[in-house]
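No hydrogens, no waters, no symmetry mates; every other heavy atom, side chains included, goes into these values. Both counts, for ligands and for their atoms, begin at 1 and track the order of listing. What you see is a predicted model, and the numbers here were worked out from it, not measured in a lab. We're numbering straight along the sequence, starting at 1.
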Amino acid sequence: MRSAKDFFSPLAVGAPAPVREIPAKPSRAIHFFDPGNPKMAAKVPDMVGSVDVLLGNLEDAVKAENKEIAREGLVKIGQEVDFGPTQFWTRINSLDSPWVLDDLTTLVPAIGEKLDVIMVPKVQGAEDIHYMDRILAQLEAKAGITKPILIHAILETARGVANIEEICAASPRMQGLSLGPADLAADRRMKTTRVGGGHPGYLVRADAPRNDAGELQYDADRTTYQQDLWHYTIARMVDACAMHGLFPYYGPFGDIKDTVACEDQFRNAFLLGCVGAWSLHPVQIKIANKVFSPSVEDIKHARRVIAAMGDGTGAVMLDGKMEDDASVKQCKVMVELAERLAATDPDLKAMYDAIEVD
Ligand SMILES: CC(C)(COP(=O)(O)OP(=O)(O)OC[C@H]1O[C@@H](n2cnc3c(N)ncnc32)[C@H](O)[C@@H]1OP(=O)(O)O)[C@@H](O)C(=O)NCCC(=O)NCCSC(=O)C[C@H](O)C(=O)O
Ligand SMILES: [Mg+2]
């Protein structure tokens, strides 16, 4: 066990001092691209500024024979592109893979100064984060990196979900968690074959109606309601992240053409407390940017409640509803998020600035 006093000492002589607070940077869409795919790589410079996070993916979805090309492509992009306000992340290969050591020993010296966050797949417990913490400190020290690279863990095993608290608490580098629904479903032996989203078979059905004689009509048409397969895991993730000062994200939505259901899934995550989701295709960036930004109506209402509540204590009636200390806190969460996002998104700023509070 580490003493709390040791927690903020670098884990290697010459490594940068650990951060004490994870910066709340906009990260509505974590946009995945394959750095070894020339078409995708060519689009990266033009995407800067229109997406909060650009993530060069080295793990699943990159063929085994292309792992080195992808890694080299990522180094080139990291060295050549000016990312401006957009964060630059990577997803490395899993810690038990034959590629991860080369990923780390290549990327940190070559582009470590530019990399904001390393996403680690299939994290099982605190031991995985301790490993990453130490090796990153060693590599940062050797390369003279001045700011610590943060770690983002993907929850995609039952063990990872069971160990969620210790994963979050394992290092001051921990930036956040993402749901990895495809791997998690496989590891849990769920009977789905999709990448994220719902399933028509996971539902509840309205009770059977009765006929005039009071008999139950099980064969009658009965409305069904599709349920959210991911509610439990996202809720756990949100609580663990809030407790440890980290940021929770919904992961991938694989049905690229179903932009409507993607928006719904992202919105569920937003409402539950997530700050963003993955984007696998350019079309999903717009969805995430919209869903994870508070709406004009929400901000208008939040500002009215804050104004009506004065010092934030007591209770008032507004539009027939009771507002009090707790509802004003919720409104402040929304307004603070809006202000943070507007600082780097001029369109949002214009939208929020135009709101008139009556
Ligand atoms: C999903 C895709 C394979 C679709 O690709 P494609 O068929 O080429 O789509 P389009 O023809 O519609 O593409 C139009 C143009 O846009 C470019 N494009 C496509 N995707 C991207 C992208 N992500 N970034 C940048 N540019 C992109 C195409 O090249 C076309 O360009 P052009 O021809 O010049 O017009 C593809 O989108 C894709 O591979 N996406 C990334 C997939 C990925 O990263 N998967 C891994 C993350 S999900 C996961 O790992 C599961 C998770 O871990 C879990 O366990 O749950
Ligand atoms: Mg996965």
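- Using a cutoff of 4.0 Å between basic side-chain nitrogens and carboxylate oxygens, R303 and D298 are not scored as salt-bridged.
- For ligand 1, the polar-atom distance check against F32 finds a nitrogen or oxygen pair separated by under 3.5 Å.
- Listed by number with element, the atoms of ligand 1 under 4.0 Å from a non-hydrogen atom of W278 are 48 (S), 49 (C), 52 (C), 53 (O).
- Residue R91 places a heavy atom less than 4.0 Å from ligand 1.
- In this structure, R267 pairs ionically with E263, as a charged nitrogen and a carboxylate oxygen lie closer than 4.0 Å.
- Taking a cutoff of 4.0 Å between a charged side-chain nitrogen and a carboxylate oxygen, D6 and R2 do not qualify as a salt bridge.
- Less than 4.0 angstrom separates some heavy atom of H31 from each of these atoms of ligand 1: 22 (C), 23 (N), 24 (N), 25 (C).
- Y250 and S178 form no side-chain donor-acceptor contact under 3.5 Å, judged by distance and modelled atom types alone.
- Proximity annotation for atom 55 (O) of ligand 1: of E156, K122, H281, E156 comes nearest, heavy atoms only.
- Shown in contact with D60 at under 4.0 Å from a heavy atom are these atoms of ligand 1, numbered in order with element: 46 (C).
- Using a cutoff of 4.0 Å between basic side-chain nitrogens and carboxylate oxygens, E336 and K332 are not scored as salt-bridged.
- Using a 4.0 Å cut-off between a side-chain N of Lys or Arg and a carboxylate O of Asp or Glu, D103 and R71 qualify as a salt bridge.
- For the side chain to side chain contact (heavy atoms under 4.5 Å, CB included) criterion with L95, the lone passing option out of E127, M132, K122 is M132.
- Where the criterion is an N or O separation shorter than 3.5 Å, residue side chain and backbone included, I256 fails it with respect to ligand 1.
- Comment: E59 does not engage K67 in a salt bridge, judged by the lack of any side-chain N to carboxylate O separation of less than 4.0 angstrom.
- Within a 4.0 Å radius of atom 8 (O) of ligand 1, the protein contributes no heavy atom.
- Using 4.0 Å as the threshold, G251 has no heavy atom nearer than that to any atom of ligand 1.
- Close approach of ligand 1 to K43 (heavy-atom distance below 4.0 Å) involves ligand atoms 16 (O), 17 (C), 26 (N), 31 (O), 32 (P), 34 (O), 35 (O).
- Only the side chain of P252 comes within 4.0 Å of ligand 1, counting heavy atoms alone; its backbone N, CA, C and O stay farther away.
- Of the N or O atoms in E59, none lie within a sub-3.5 Å distance of an N or O in ligand 1.
- Here A61 has side-chain heavy atoms under 4.0 Å from ligand 1, and that is the only part of it that gets that close.
- Using a 4.0 Å cut-off to heavy atoms of N57, the atoms of ligand 1 that qualify are 44 (O), 46 (C).
- The shortest N/O to N/O separation between L280 and ligand 1 falls below 3.5 Å.
- Shortest distance from the Mg ion (ligand 2) to D183 is reached at OD2 (N/O/S atoms only).
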After noting the C-alpha distance and the side-chain angles of D34 and N57, does the key distance pass the side-chain hydrogen bond (donor to acceptor under 3.5 Å, both in side chains) rule? CA-CA 5 Å; D34 174 353; N57 175 37; over 6 Å; no
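- F32 and H281 have their aromatic ring centers separated by at least 6.0 angstrom.
- Salt bridge R304/D319: present, at least one basic N to carboxylate O contact under 4.0 Å.
- Neither the backbone nor the side chain of K257 comes within 4.0 Å of ligand 1, counting heavy atoms alone.
- Taking every non-hydrogen atom of P282 and a distance limit under 4.0 Å, the qualifying atoms of ligand 1 come out as 18 (N), 19 (C), 20 (N), 21 (C), 22 (C), 26 (N), 27 (C).
- With respect to the Mg ion (ligand 2), E156 has OE1 as its nearest N, O or S atom.
- K76 contributes no side-chain N or O that, together with a main-chain N or O of P35, makes up a donor-acceptor pair within less than 3.5 Å.
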